[in-house]
Each structure stands twice: as structure tokens, then as C-alpha cells.
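The sequence lines fix the lettering, A, B, ..., with proteins before strands; numbering per chain opens at 1.
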Amino acid sequence: MSKEKKLVEAITSRDEDFSQWYTDIVKKADLIDYSSVRGCTILRPHGYAIWELIQKNLDKRFKDTGHENVYMPMFIPESLLQKEKDHVEGFAPEVAWVTHGGEEKLTERLCVRPTSETLFCEHYANIIHSYRDLPKLYNQWCSVVRWEKTTRPFLRTLEFLWQEGHTAHATEEEAMEETIRMLNVYAEFCENVLAIPVIKGQKTEKEKFAGAKATYTIESLMHDGKALQTGTSHNFGDGFAKAFDIRYTDKNNQLQYVHQTSWGVSTRLIGALIMVHSDDNGLVLPPEVAPVQVMVIPVQQHREGVLERAEEIRSRLSKHIRVGLDDSDRMPGWKFSEHEMRGVPLRLELGPKDIEKNQCVIVRRDTREKQFISLDDVEQSIIKILEAMQKDMLRNAMELRVSKTYTAQSIEEIDEICNKNPGFIKAMWCGEQSCENKIKEETGATARCIPFEQENISDRCVCCGEPAKHMVIWGRAY
RNA sequence: CGGGGUGUGGCUCAGGUGGUAGAGCGCUUGGUUCGGGACCAAGAGGCCGGAAGUUCAAGUCUUCUCACUCCGACCA
């Protein structure tokens, strides 16, 4: 079979060349195509369907926590972008500018939004007057543009789809609560829907968002041992409110600045799905975000009655789950490989022999475990298998992370781990940026986060030996 | 933004020392097949990433440029 395999499309082995493997998956699972613009990709139906499922799931969680969707313009006047100093400086290098309308030069150039803080702030300043107007809990689904130097599908593209929540609150406490609430929403979503375990924590000063008071993050670990910032939630304090003059009158008729938050996740989540779960046979999707959860593949479909039975089963299943029927005139074996490549969680084979025995064959994408199940209660059996698969995938991803999480007592140790067995590295830190910089220079590892769940690895900073303030998760990151 | 690699039918690639293109897969049609990427037959399809130059003659040599990709510095 291996000889034949070479004649057909094969993907690079994950262990041999992780980067190439990743690129192969995104292309061969039909997630994206490259466009004629550098760094911009086309999300094809299969890739976009995954995003739609992510959107649907998250959007419900946002609504359930009281948020409303809005849509802001994609252009930001230069003067508006410049109102918050740290914010402009953070984004200036990667902003795309519109200078002309038709043939006419604009009097003020417009920035293509790299993020919409300034737009929300301007709007909030206009609509918030009284404590009765608060809180404002807005979210928008949109695309943003950042002129990156190097790009990779899903992980870093010039334009990407995301969601950005922007809220305004009366008090510091409320803003802090909101920041953490949404971080928790993200974490719960990643674990239960994407089957990706995350570590919640705070970003260091060096790594925090431009203009934020504090940035919180969920960090996940990819199969190659590199870290991925999977989502962030920022507490802005009243910094933006002061820059944009967003004030309200409180119950005592006093003018107060609002306290704001913002939080976002992007199509990068799809990159995480690939790098956490997929294997040498292609994409592996957790059932919750699989556009097709079960693909029915008839065997000897030309035989009398086979297609009819297959269609009947598809129809029954479609009342409960997302199901497809591949009745193309490909060989069954070809279809098996194809739908494995595309990450369909379950395959249902149905041939004359099965029909005779009133059964079908079910094969799980993650384990490739094959089982025969009765057609009588096929719906219930499949729902159970999908549920089990969703849980198993999270458990496996968790086991992988545990097996790639280390502790270090010295910079040398961090460096050695990074080079030999990359992963999350727990080590103590004094809180000084000079030490953070030194660790990055010497090992390539950055501070992923200061986890909420602290452990005492030692009393001393891994770098300078001074008394330690925090345990930090270090790692090389995407 | 630096360093490396690659651009030739839809895809993967072959085309020593220059003489206007070839294979496999895929695609179309017909037939036989169908429980892990089937087989036979007949077809369609490319000016060789782009531009300029050298030459009687450029896929092949020179220069410039664009894109993809990998590795680093910066970011979701």
C-alpha cells in the first residue's frame, strides 16, 4: 500500500517537519487557498464552516453574558488613532493606510483598523452620559488588518477574522470582573468546544496589550511544544477614558471616567485546532466544530438498495447531527482517505453485508477504532460515540500538555529544555524586565503568562537569584 | 526586515554544455470495477511567475522584480 500511497496525495510527516506538515494540512484539508495578495488567504467553504461553528458557539456565550453585537467602520482617521499614546506606538508599525479616494488625495489619511479601540472610545464618549447608561457591553465580529512581515495561514495573516468585545463600566471593580469573566468564557469554550486545554494567567508588562492596564491570556501548547496565545482579555482601567474623555455623571452628580475592557479571539483558533489535534493522515476535528460530524460512505453503491439505505440513514441522522453522504463514484478506499484528510470525526460504512446484518461500520477519526453497530438505534449510538470522542480529545490534549510541561531552576535549564524537548516551562521570576529580556535573548523563550494557579518552584528568580515574585510559564511561541 | 529554498499544464516534478516543451497523477468521455486512495481505451489542457537584457536563437545565460515556503527579529 505504501507504494500506491506515493502516487496519490500524501502529507509531510508531523514529526519530520512540523511546519511543512501544518502547511500541507491547511491546503489538503481544503481549509484555505492562497490569494494574489501577499499574506492574505481565501477561507474556503470547509475552513469557513469551522469558523462559523466557532462564531455560533462563542456568540451564544457572549449573548448569555449580556453582550450586544455592533459593527464599526473599517477606517480610522489618523488623528483618532493617535489619541492614546501607547496604543498608537504599539500598532503604528503594522498599520495599512488609505491615502486616496478615487484619484483624489485625502486631506487626512485613514487607517485600516488593526483593532477598533479608538472607534469604540469615540462612540462611547458620545453615547455615555449617565451612570444609567452603564455598563455598555458591546462586541463586534469583523476583520482587521495588520501589515505583518511574515505570514502563515491562520496563525498570522495580513487580514484576519476575529471578534472584539469592548465594554465600559462605572467602576474599576466591574471592569476587572468583566475582564476575568470573559477570559473564563474563552477558557471554557476552548476546553469544551475546541478540546484544547488552556492555562489562564496574566501577561507581563512587556507582553501586555498596547494601552492596557493589564492583559490576561489563555495559553495553549501545540503538538511541537510551542506555545500559542489563544485568546486575550484586557483591563483598560480608565486610560482610554481619559484619552477620549469618556465620562458619566454618577449618582452624586459627580463626573467620573468609565473603566473599560476589551477581549478577542481570532481565526488563529483554527490554527490551534490543527496544531493540537491533527495527525499524519490529516485534520482531526473535535465533533463540536466539525462541519460534517459523520460521513456516510456506501460500499458497492451500485448494488440494488445500497444507496437507498444509505440515504435513509443520512436522513435519520440529520435530525440530530451534521451528517453527509458521499455518493460520488470514487472508490470507497479513496473516500475513506479523503474524509480523514478533511477531519470528519466519524465515518459510517454501509455495504450489502451490513444491510444483510442490519448493521453498519463506524470508524473514529482520532483513534481509527472500528466498530459494528446496529441500525436500529444508530442515532443514539453515534451521539454517544461523538460525545466520547469530544471528551477523549480534550483528555489526550491535556495529557500531551502535561507530558510537555517542565520546571527549571536556571537559565541553562530553560535553554536545554527549549532545545531538546520544547514545551511549557515553569520557573520563578523576580518581576524585573531585565531578567525577562535576558531569558528571551539567551533561550528564545518568552514569558507566556503568570498563571493564576501559582506554584512555588523555588524562592529565587531563575535569572538573577533575587527573591522571586511569581511563577511564570515560559516557552517559545508562535 | 535579514538568511536559505522554490516558481514549467489543475497537482507533483523532468527538461547536461541555449535550438520555441515532457512524464505521472488529476480532469473529460465510454466500459469494467467498488469493505483502505481500481483498471482499460480514447481525449482536452502549458509559452515555462513577471519585466528588461545578451544572442541568429532563451524554460535554459545576466540583471531587476513579484509571490510562495522555511529559519530568525516583531505581532492575534
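rG19(B) and rG36(B) have their C1' atoms separated by 49 Å, given to the nearest Å. Taking the P atom of each, rU6(B) and rU12(B) are spaced 15 Å apart, rounded to whole Å.
With sequence neighbours left out, the ring-ring contact (aromatic ring centres under 6.0 Å, His included) criterion links H67(A) to W263(A). In this structure R38(A) satisfies the salt bridge (Lys or Arg N to Asp or Glu O under 4.0 Å) test with no other residue, sequence neighbours excluded. With sequence neighbours excluded, the residues forming a side-chain hydrogen bond (donor to acceptor under 3.5 Å, both in side chains) with D354(A) are Q359(A), listed by chain and number. Applying the salt bridge (Lys or Arg N to Asp or Glu O under 4.0 Å) criterion to R152(A), with sequence neighbours excluded, gives no partner residue.
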Identify each donor-acceptor pair in which a side-chain atom of residues 433-440 of chain A lies under 3.5 Å from a protein atom, sequence neighbours left out, and give them as a table.
residue	atom	partner	partner atom	Å
E436(A)	OE2	T204(A)	OG1	2.6
N437(A)	OD1	K206(A)	NZ	2.9
N437(A)	ND2	Q433(A)	O	3.4

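Residues in residues 81-96 of chain A take part in no side-chain hydrogen bond (donor to acceptor under 3.5 Å, both in side chains) pair, two or more places apart or across chains. Listed by first and then second residue, the salt bridge (charged side-chain N to carboxylate O under 4.0 Å, His left out) pairs involving residues 175-185 of chain A are E177(A)-R181(A), E178(A)-R181(A) (not counting sequence neighbours).
Nearest nucleotide to the side chain of V363(A), out of rG36(B), rU69(B), rG35(B): rG36(B).
The base of rG36(B) sits with one of its N or O atoms less than 3.5 Å from a complementary donor or acceptor on the side chain of E340(A).
Geometric assessment of R347(A) against the ring of F336(A) yields a positive cation-pi assignment under the 6.0 Å and 45° thresholds.
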Under 3.5 Å between N/O atoms: give me all the protein pairs with nucleotides 27-33 of chain B, atom names plus distance.
residue	atom	partner	partner atom	Å
rC27(B)	OP1	R330(A)	NH2	2.8

Go along nucleotides 70-76 of chain B 5' to 3' and tag each nucleotide: B for a protein heavy atom under 4.0 Å from its base, S when only backbone or sugar atoms are that close, - otherwise.
SSBBBBB
